[in-house]
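Step one of this worksheet: look at the structure below.
These numbers come from the heavy atoms of this one structure, side chains and all, not from hydrogens, waters or symmetry mates. Atoms within each ligand, like the ligands themselves, are counted from 1 in listed order.
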Amino acid sequence: MANLLAISDLQSGDIGEIFDVADSMAEINRRRIPKVPTLRGQTVATLFFEDSTRTKLSFDTAARRLGADVMGFSVSSSAVKKGESVRDTIETIEAMGIHAVVVRHRCSGVPLQISRWSDAAVINAGDGWHAHPTQALLDSFTIRNRFGSLDGLNIGIVGDIVHSRVARSNIEAFTKLGARVTLVAPPTLLPARMDWPVEVSHSLDDVLKALDVCYLLRVQNERISEALFPSLREYTALFGLTSRRADQLGPDAIIMHPGPMNRGVEIAGEVAERPNSLVTDQVANGVSIRMAVLFLLLGSPRESLIGSDGEHGDSVSAAPVSAGEGGGSK
Ligand code: CP
C-alpha cells in the first residue's frame, strides 16, 4: 500500500490522475445525497497533533462520503497528554484495525516515520515547515478548474514563505504543472537557501499587475520566535493585499489563501469577499481532492463508485498514487 507524504513523490501525470478522480468526486458532491459506499468496511484514522479546521473536517467528510468509518483522535483528550509516544499511539490505533491514517504534526518527518511503523496508508496532512501535499493538490485543482491548466500561468506566492509547508508544497506542485512562480516576501521571510525554479521579489507592487494568481500566506506567528519584521502594520503596508492593491490585479486574476486568514494583515477583509477571491472554492475542492486521494490509496474498484442513483458512474481509475518516501518500508 502506498502513501501520500509529499508532492515531490508525485509526477505531473499522477497529479493529473488525482484531478480526474477529483472531478468524479466533485460530481458526487453535487448530488442531493453526496455519499457512495466505495470504501465501506474501511477505517480512516485522523490524527491531528496540531490544530486544524479545514484539513481535519474535510478528511472526515471525504472519508464518510465514501462510506468509510472515521476514527477521530483529539490530542487534547488522549493519552498523548499523559506522555504516550507517537509510536505507541500508532500501534494502539492500528491494533483496533485501520486502513489509512491522516496525520498532522508540528515536527517535519513524522508522517514519513509513521509510514515505516504502520501497514496503513499514511497521508501527510501537514508536518512542520515541510509539506502539506493535499493543500497543494486542492489549490492546483482550484486553479486548473478556473483556467483549464496551470501551464504558463504567473502565480505569486506572497508572505511568510520560510515557515510555510503550504508554500513548499505549492511551489513543487505549481512548477511541476508548468506555472511560473514568483515568491514575494521580505528577505527575513524567505529561506536562506532556495533550490526551486522560482523568481523572487521583495515588492508586491512591482509584480501585482502581471499575476494570474495572487496566493497569500498567513504570517505564522506560532512559528516565529524573533522579530522578522518591525510590526504587523508595516508588514501589511508592504505585503498585504489591500483594497488598493487588489484593484491593480488584472480582470481575470484570482486571489487565493489556504486559511486561516488574518483579515486586515495579509488580506483586507473586503478583498477576501470579492468575486475573484476563491477561498471558499478552495475549501469545497478540498473535499473532492481528499476523496480522490483516499479512493486512490485505498484502491477500491471503479465499479463501486457507481452510487445509489446508478447513472453517475463516471470514469475513475483505481491506479494508486505513487509510493511515498516510506512506501514499501513499513
Ligand atoms: N489550510 C489548512 O491547512 O487549514 P487548517 O489548519 O484549518 O487545516
Going by the order shown, which atoms of ligand 1 are within less than 4.0 Å of some heavy atom of T55?
2 (C), 3 (O), 4 (O), 5 (P), 8 (O)

Taking distance alone, with no angle check, do P258 and ligand 1 share an N/O pair under 3.5 Å?
yes

Nearest heavy-atom pair of Y235 and D160: which atoms, and what distance?
OH-N, 4.1 Å

How far is atom 6 (O) of ligand 1 from its nearest protein heavy atom, and which residue and atom name does that atom have?
R104 NH1, 2.9 Å

Would you mind checking if D205 and R245 are paired as a salt bridge, meaning a charged N to carboxylate O distance below 4.0 Å?
yes

Protein heavy atom at shortest distance from atom 4 (O) of ligand 1:
R54 NE, 3.1 Å

G259: numbered ligand 1 atoms lying under 4.0 Å from its heavy atoms
1 (N), 2 (C), 4 (O)

Any atoms of ligand 1 less than 4.0 Å from a non-hydrogen atom of T53? List them with their elements.
5 (P), 7 (O), 8 (O)

I'd like to know if D247 and R274 make a salt bridge, using a cut-off of under 4.0 Å between side-chain N and carboxylate O.
yes

D14 with K176: basic N within carboxylate O range, under 4.0 Å
no

To check you understand the geometry: which heavy-atom pair defines the closest contact between S58 and R290, and what is its length?
OG-NH1, 2.6 Å

